[in-house]
Colleague: 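Got a structure for you, questions after.
We number each residue from 1, following the sequence as shown. Counting convention: from 1, in listed order, for ligands and their atoms alike.
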Amino acid sequence: MSGTTKKTTTAEMAPGVHIPLIGLGTWPLTGEDATAAVAQAIDNGYRHIDTAENYANEAAVGEGIRRSGIERGDLFLATKFNTQWHSRDGVRQAFAQATGRLGTDYLDLFLVHWPNPAQGRFVEACEGLQELVDDGSIRAWGVSNFKPAHLRQVQAAGLRVPLNQVQVDPERGQPEQLGYHREHGILTAAYSPLGRNGDFLSHPAVSGPASDLGKTPAQIVLRWHVQHGRVATPKSANPHRQRDNLDVFGFSLTREQLDAIDALETGAAPRLDSDTYFH
Ligand code: A2P
């Protein structure tokens, strides 16, 4: 299921498609800030960059990739599209526009950003994504912010959902959502994995192992994510934080330490409710 590349560890999210467990989140960076952050992250060893149409930074991210000088094939590039494209033909247009902005001819991962159940066309969007995989335009597809009820509808259409990117941090552990993913072999990718500087970073369950192991609280939380088998995409433009956030593969947490962080779960729902929020 997993393997090691130079700087990071990966999960096999679809046959032969290895996603680095730590990626760079890019919201809300735009323009030169996004370009510089992406180039610097790649220089710091990141091999997975996460963006979205709605972040309005795909062109800047693409520029950062080119500035870094990395070979395209050495990078895992993921982006997401808005709900206006929820049809088979629409997904194809979204792909053409995203790759045009990014300056690439394929995507490693293309995601439905929000289900928008009132519009009711997210199953078609997933079918369109599967067609893009089948014709080699993208290596893998996934969804984001899909609740189990939405996932069930996609699965009922005969599709296997490879990955769902949702908001997860120690206080928003989303046990039912993640339990559903486990049961159905859906890889979880955590956005806002550090909870936007959550208070839990100073909780003894996090700060204790941090001082014992000589790591930062953020590294402990990111290690908690990857040890649970999740992808995590922390955003930072700060070079020290970028390096720290990637450097979580040389130590491990004990079962007790993982359990103590799991116990910070509050039952809080994600910040945005995907039954009503979308773009
Ligand atoms: P900064 O960007 O100033 O480095 P999200 O993933 O939801 O976008 O949230 C990212 C937040 O987490 C930002 O506020 C970012 O701050 C912060 N962050 C990223 N890396 C670290 C770190 N290593 N330590 C503390 N905060 C971090």
Colleague: With salt bridge (Lys or Arg N to Asp or Glu O under 4.0 Å) as the rule and sequence neighbours excluded, what pairs involving residues 163-192 come up?
Modeller: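 For residues 163-192: none.
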Colleague: Return the set of residues passing salt bridge (charged side-chain N to carboxylate O under 4.0 Å, His left out) with Arg67 (not counting sequence neighbours), or none when no residue passes.
Modeller: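 With sequence neighbours excluded, Arg67 shows a salt bridge (charged side-chain N to carboxylate O under 4.0 Å, His left out) to Glu32, given in chain and number order.
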Colleague: Which word best sums up how the rings of His279 and Tyr277 line up, parallel for under 30°, tilted for 30 to 60°, or perpendicular for over 60°?
Modeller: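 Judged by the thresholds at 30° and 60°, the geometry between His279 and Tyr277 is perpendicular.
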Colleague: Salt bridge or not between Asp43 and Arg243? Use side-chain N to carboxylate O under 4.0 Å.
Modeller: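 So Asp43 does not pair with Arg243 through a salt bridge.
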Colleague: Quick one: which residue pairs count as a salt bridge (Lys or Arg N to Asp or Glu O under 4.0 Å) with a foot in residues 214-240, not counting sequence neighbours?
Modeller: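 Non-adjacent pairs meeting salt bridge (Lys or Arg N to Asp or Glu O under 4.0 Å): zero.
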Colleague: Regarding Asp74 and Arg47, does a basic nitrogen lie under 4.0 Å from an acidic carboxylate oxygen?
Modeller: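 Here Asp74 does not pair with Arg47 in a salt bridge, since their nearest N and O are not under 4.0 Å apart.
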Colleague: At a 4.0 angstrom heavy-atom cut-off, what protein residues surround ligand 1?
Modeller: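 Within the 4.0 Å shell of ligand 1, which is judged on heavy atoms, sit Trp27, Ser192, Pro193, Leu194, Arg196, Asn197, Ala218, Lys235, Ser236, Arg241, Asn245.
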